[in-house]
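Data block below; observations after.
The shown structure was predicted, so the numbers you read here are calculated from the model rather than taken from an experiment. No hydrogens, no waters, no symmetry mates; every other heavy atom, side chains included, goes into these values. By convention here, the first residue in the shown sequence is residue 1.
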Amino acid sequence: MTTYAQALKFVLLWEGGFVDDPDDRGGRTNKGITQKVYNAYLVKLGRAGNDVKNISDAEVADIYRNNYWLVAKCDKLTSELAFCHFDCAVNMGTNRAAKLLQRATGCAEDGAIGSTTLAACAAMDEKKAVTAYCNARDALYHVFATRPGQKKFLKGWMNRLNSLRVALGIMNKSRDSSAPEPTHRIPDMPDGTDLEA
């Protein structure tokens with residue numbers, strides 16, 4: 001199984017099925033794909049519009065690969081860092097994920113993953129990089145939870161992050177740290193231009 005396939009399997013566990021929660025800033029969503037993203041995908045392919053409820057597994061995999069895996073440059077990272085970064089890009093947006101990757105590896109947080117960021121990623125111990133990355137993401141979830149209507153999602157966000165930590169081998173699976181399989185989708189945060197947006 002390729003790193004992308006493994007990472008996608010993990011992401012889909014947490015993205016869930018169809019949801020239309022008024023507090024979810026992404027709006028109508030299925031398997032983590034918003035109606036807006038699905039519409040843009042169909043337009044790009046010259047296809048007729050369709051309800052996101054009807055999105056196929058192949059379309060989901062194609063959107064995640066092109067809109068997140070490749071845009072976030074996961075294909076340029078070592079396997080564990082790619083896995084970690086992809087999940088964050090899906091959950092928090094590619095811009096925030098890029099800045100968190102840069103924070104974790106000691107780079108300037110400009111949101112553009114270029115040669116300097118990739119060199120820093122390659123030079124850093126992978127376990128240290130994913131640990132720092134997850135810790136930065138943890139802190140940001142707590143910022144998000146202070147926003148109106150978002151506190152109710154903190155436990156789900158932390159379950160997802162702790163499940164990722166277990167999958168990456170940086171947290172032991174225990175009663176307190178292992179995340180249960182989600183019963184419904186925990187919202188992603190729309191991509192933003194800064195880490196606090």
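Evaluation of the ring pair (Phe, Tyr, Trp, His ring centres under 6.0 Å) test over residues 38-60, restricted to residues two or more places apart or in two chains, returns none. Judged as a salt bridge (Lys or Arg N to Asp or Glu O under 4.0 Å), not a single pair has a partner in residues 111-123 (not counting sequence neighbours). Applying the ring pair (Phe, Tyr, Trp, His ring centres under 6.0 Å) test to residues at least two apart or on different chains, the pairs with a partner in residues 102-138 are His85-Tyr133. Pairs engaging residues 55-70 under the salt bridge (Lys or Arg N to Asp or Glu O under 4.0 Å) rule: Lys31-Asp57, Arg47-Glu59 [sequence neighbours left out].
Closest non-hydrogen pair, Val37 versus Asn67, comes out as CG1-ND2, 3.7 Å. The two residues Gly17 and Asn30 have their closest heavy-atom pair at C-OD1, 3.3 Å.
Rounding to the nearest 0.5 angstrom, the gap separating the CG atom in Leu164 from the CG atom in Leu13 is 11.5 Å. Residue Trp157 holds its CH2 atom at 10.5 Å from NE2 of His142, rounded to the nearest 0.5 Å. Here the CD-CD1 distance, from Gln35 to Ile33, works out to 11.0 Å after rounding to the nearest 0.5 Å. The structure places NZ of Lys155 at 12.0 Å from CE of Met158, a figure rounded to the nearest 0.5 Å. Here Cys84 contributes atom SG and Phe10 contributes atom CZ; the two are 9.5 Å apart, rounded to the nearest 0.5 Å. Arg165 CZ to Arg160 CZ: the interatomic distance, rounded to the nearest 0.5 Å, is 13.5 Å.
Residues Leu42 and Asn50 form a side-chain contact, since some pair of their non-hydrogen atoms from C-beta on lies under 4.5 Å apart. With contacts defined as side-chain heavy-atom distances shorter than 4.5 Å, the pair Lys99/Asn95 qualifies. In this structure, Val166 and Asn162 have side chains that are not in contact, with every pair of non-hydrogen atoms separated by 4.5 Å or more. The shortest side-chain heavy-atom distance between Asp20 and Thr29 does not fall under the 4.5 Å cut-off.
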Exercise for review: Kindly determine whether Leu100 and Leu140 satisfy side-chain contact (heavy atoms from CB on, under 4.5 Å), including the steps that lead there.
Suggested key: CA-CA 9 Å; Leu100 287 174; Leu140 192 53; 4.1 Å; yes
Point to revise | Verdict with supporting geometry, Met92 and Tyr141, side-chain contact (heavy atoms from CB on, under 4.5 Å) | key: CA-CA 9 Å; Met92 292 189 171; Tyr141 279 138; 3.4 Å; yes
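In this structure Lys53 satisfies the side chain to side chain contact (heavy atoms under 4.5 Å, CB included) test together with Phe18, Arg28, Asp51, sequence neighbours excluded. Applying the side chain to side chain contact (heavy atoms under 4.5 Å, CB included) test to Val43 and every residue at least two apart in sequence or in another chain returns nothing.
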For residues 111-129, please give each side-chain donor-acceptor pair under 3.5 Å, one per line with the distance, not counting sequence neighbours.
{"unit_1": "Thr117", "atom_1": "OG1", "unit_2": "Gln102", "atom_2": "NE2", "d": "3.2"}
{"unit_1": "Asp125", "atom_1": "OD2", "unit_2": "Lys127", "atom_2": "N", "d": "3.2"}
{"unit_1": "Asp125", "atom_1": "OD2", "unit_2": "Lys128", "atom_2": "N", "d": "2.9"}
{"unit_1": "Glu126", "atom_1": "OE2", "unit_2": "Thr78", "atom_2": "OG1", "d": "2.5"}
{"unit_1": "Glu126", "atom_1": "OE2", "unit_2": "Glu80", "atom_2": "N", "d": "2.8"}
{"unit_1": "Glu126", "atom_1": "OE2", "unit_2": "Leu81", "atom_2": "N", "d": "3.1"}
{"unit_1": "Lys127", "atom_1": "NZ", "unit_2": "Glu80", "atom_2": "OE1", "d": "3.1"}
{"unit_1": "Lys127", "atom_1": "NZ", "unit_2": "Glu80", "atom_2": "OE2", "d": "3.1"}
{"unit_1": "Lys127", "atom_1": "NZ", "unit_2": "Leu168", "atom_2": "O", "d": "2.4"}

Report, one line per pair, each donor and acceptor closer than 3.5 Å where one atom sits in a side chain of residues 69-77; sequence neighbours left out.
none

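Lys36 NZ: 12 or fewer foreign heavy atoms inside a 6.0 Å radius.
A donor-acceptor pair is defined here as one N or O able to donate and one able to accept, closer than 3.5 Å; no such pair exists between the side chain of Ser163 and the backbone of Asn159. Asp87 places no side-chain N or O within donor-acceptor distance of the main-chain N or O of Val11, the cut-off being under 3.5 Å. Side chain of Glu109 to main chain of Leu101: no donor-acceptor pair is present (N/O by atom type, distance under 3.5 Å, no hydrogens or angles).
The aromatic ring centroids of Phe86 and Tyr4 lie less than 6.0 Å from each other.
For the residue pair Tyr68 / Asn91, no side-chain donor-acceptor distance below 3.5 Å is found, with atom types taken as modelled. Checked by atom type, the side-chain pair Arg103/Asn135 shows no donor-acceptor distance below 3.5 Å.
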